[in-house]
Amino acid sequence: MEKINWINGQAGGTPLSAENLNQMQDNIEEAIDEVDDKLNYSTTETCVREWIDGKSLYMKVVNLGTLPNNDTKAVAHGIQNLRRIVKLEGFAGSSLNKGGITLPHATNTPIALYADDTNVSVKTTSDATGYTEAYAFVYYTKTTD
């Protein structure tokens, strides 16, 4: 992205020109594309932002498949050099429930979502096999940054 340095009230200041306006438009389009790229959900590691300590913040989608029947299901997340998981959330849906549910899900039959160094786990307290597609969104930092 090329920065245009504008000068107020000085002789020889930056004039308003088609070239400068085109450059501004190009800069805005590049910035929008950069933000859009960071908002894509992917099953591969994606750097999405910066964590409060200045380290890169990554996000990865883990496919949990069908939720279990009053049980715990662990799925390997495949994250290398994991330092800290800072946020864990998810989605579960079915052909009968177009809106799906967010995970964790607090009701009288809660569904818990948690993670450790190697797995994302989902725990159900009733038969949740009607949710045939479930995904965990793992936000984390790495030891290598």
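Counting from 1, the numbers follow the sequence of the chain as shown.
For the atom pair T109 OG1 and D127 CG, the distance stands at 10.0 Å (nearest 0.5 Å). For the atom pair NZ (K142) and CD (Q80), the distance works out to 7.5 Å, reported to the nearest 0.5 Å. The OG1 atom of T125 lies 11.5 Å from the CG atom of D71; values are rounded to the nearest 0.5 Å.
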Take V122 and I111, measure what side-chain contact (heavy atoms from CB on, under 4.5 Å) needs, and give me the verdict at the end. CA-CA 7 Å; V122 59; I111 300 172; 3.5 Å; yes
N119 vs S121, side chain to side chain donor-acceptor pair (under 3.5 Å): CA-CA, chis, key distance, verdict: CA-CA 6 Å; N119 295 311; S121 298; 5.5 Å; no
Applying side-chain contact (heavy atoms from CB on, under 4.5 Å), run through Y114 and T72 and close with a yes or a no. CA-CA 10 Å; Y114 55 96; T72 300; 3.3 Å; yes
Verify side chain to side chain donor-acceptor pair (under 3.5 Å) between Q23 and E19, making sure each step is shown before the conclusion. CA-CA 6 Å; Q23 183 62 54; E19 179 183 358; over 6 Å; no
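Among residues two or more places apart in sequence or in another chain, the ring-ring contact (aromatic ring centres under 6.0 Å, His included) test is passed with F137 by Y41. Under the rule for a side-chain hydrogen bond (donor to acceptor under 3.5 Å, both in side chains), N70 has no partner lying at least two apart in sequence or in another chain. Residues forming a salt bridge (Lys or Arg N to Asp or Glu O under 4.0 Å) with K60 (at least two apart in sequence, or on another chain): none. Y58 meets the ring-ring contact (aromatic ring centres under 6.0 Å, His included) test with Y140; sequence neighbours excluded. Shown here are the salt bridge (Lys or Arg N to Asp or Glu O under 4.0 Å) partners of D117, two or more places apart in sequence or in another chain: there are none.
Although no hydrogens or angles enter the test, the distance criterion places a donor-acceptor pair under 3.5 Å between the side chain of K73 and the main chain of T66. Of the possible polar contacts, none joining the K123 side chain to the A112 backbone as a donor-acceptor pair under 3.5 Å is found. Remark: the backbone N or O of T44 is paired with a side-chain donor or acceptor of T46 at under 3.5 angstrom.
Taking every heavy atom of both residues into account, K55 and T141 meet most closely at CB-CG2, 4.4 Å. Between I85 and L88 the shortest heavy-atom distance is CG2-CB, 4.5 Å. D145 and S56 make their closest contact through OD2-CB, 3.3 Å (heavy atoms, listed as atom of the first residue, atom of the second, distance). Between S94 and G130, the shortest heavy-atom contact is CB-O, 2.8 Å. Closest non-hydrogen pair, L67 versus A134, comes out as CD2-CB, 3.5 Å. Heavy-atom minimum distance, D116 versus T118: OD1-N, 2.9 Å.
Just one of L113, V86, I79, L82 meets the side chain to side chain contact (heavy atoms under 4.5 Å, CB included) condition when paired with V138; it is I79.
The list of ring pair (Phe, Tyr, Trp, His ring centres under 6.0 Å) pairs with a residue in residues 61-81, not counting sequence neighbours, is empty.
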